[in-house]
Every structure is written in structure tokens, then in C-alpha cells.
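Read the structure below first, then the notes.
Since we're looking at a predicted model, the values are computed, not measured.
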Amino acid sequence: MESSWNQRVGLWPVSYRPPKSTPGAGAEAGEWTDQKNQRRCELIDRKYDHGLSPAEEAELTVLQDAMHRFIDRVAPLPLDAARRLHQELLLKAAQARDANPA
């Protein structure tokens, strides 16, 4: 059976950044595993199907935080390149504006 990890990649919100100090996200979070991802997916499904108890909501928060920390560690977003490109485009836009005053 294909791992749930590969089946559920689409559930990862790209722009979400969890708070750095999520309670319970410390040592017990450990390494990211297929089992943790499976549980995370089950909780997400349950959240939208029936709702979560406060304990399940807290568990989902911890799992989401652990997943985002894992992603940041193994595949960080190339933000430096995007920032450089943004600055370059802003400069070009300013130069075009200055060359063609209204």
C-alpha cells in the first residue's frame, strides 16, 4: 500500500507558518514519520467530517507544527531567491515609472 505521506501531500499549506512556541512541540515531537502523517490526515478528515475534541485539536496542532518543522528542515522554501527577484522587479518598475512620467 502506498504511504499516506505521498497520498496527502496536497494538504500541506505552503504559506502557513506555525508559531515557534507551540505547546507540546518539543522533544516528544521527534522525527516525522508516515505514522504521524497518517494520524495528522485522520485528524484533518475528522475535523471537517465531525469536528475535533479539544484534545484532538491540540494533537493536530502539535502534528502540524512537527510537519512544518520537518519540511523546513528537509526542503526549505527558496525565499532568498524570491526576495532578490522581488527587489529586482521593484527596481525595474521604479525605473520604468521614472522613464515615463505621467
Side-chain angles (χ1 to χ4, degrees):
M1 176 173 136
E2 183 92 22
S3 78
S4 138
W5 175 276
N6 295 328
Q7 295 168 359
R8 296 301 187 117
V9 169
L11 292 177
W12 295 350
V14 173
S15 62
Y16 175 76
R17 287 290 175 244
K20 297 290 183 194
S21 61
T22 300
E28 70 273 10
E31 284 297 313
W32 191 245
T33 64
D34 284 341
Q35 291 79 16
K36 287 182 182 181
N37 195 58
Q38 177 64 36
R39 177 63 178 158
R40 183 185 70 86
C41 293
E42 289 169 4
L43 289 170
I44 290 170
D45 288 343
R46 185 175 301 154
K47 178 179 181 173
Y48 293 105
D49 289 344
H50 312 291
L52 296 176
S53 70
E56 290 171 327
E57 192 69 49
E59 181 184 3
L60 179 58
T61 299
V62 169
L63 289 169
Q64 292 284 74
D65 182 54
M67 178 199 60
H68 287 289
R69 286 185 291 110
F70 172 76
I71 291 169
D72 286 344
R73 189 174 68 243
V74 300
L77 294 174
L79 293 180
D80 290 336
R83 286 187 183 111
R84 282 192 304 273
L85 176 60
H86 181 248
Q87 291 302 313
E88 188 178 316
L89 293 172
L90 289 173
L91 180 61
K92 286 182 180 184
Q95 290 169 345
R97 221 179 11 254
D98 292 343
N100 300 315

Worked verdict on L63 versus W32 for side-chain contact (heavy atoms from CB on, under 4.5 Å): CA-CA 9 Å; L63 289 169; W32 191 245; 4.2 Å; yes
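- Distance check: L79 CG to L85 CG gives 12.5 Å after rounding to the nearest 0.5 Å.
- Note that CG of L90 and CD of Q95 are 11.0 Å apart. Values are rounded to the nearest 0.5 Å.
- A salt bridge links R73 with E31: the closest approach of a Lys/Arg side-chain nitrogen to an acidic carboxylate oxygen falls below 4.0 angstrom.
- A distance of 12.0 Å separates CG in D65 from CZ in R40, rounded to the nearest 0.5 Å.
- Here the CE-OG1 distance, from M67 to T33, works out to 13.0 Å after rounding to the nearest 0.5 Å.
- The shortest side-chain heavy-atom distance between E56 and K47 does not fall under the 4.5 Å cut-off.
- With respect to the salt-bridge test (charged N to carboxylate O, under 4.0 angstrom), the residues E42 and R46 do not qualify.
- D80 has no carboxylate O lying under 4.0 Å from a charged side-chain N of R84, or vice versa, which leaves the two without a salt bridge.
- Atom CG of L77 sits about 8.5 Å away from atom CD1 of I71, to the nearest 0.5 Å.
- Considering CG of L43 and OH of Y48, their distance stands at 12.0 Å, rounded to 0.5 Å.
- A salt bridge links R39 with E59: the distance from a Lys NZ or Arg NE/NH1/NH2 to an Asp or Glu carboxylate oxygen falls below 4.0 Å.
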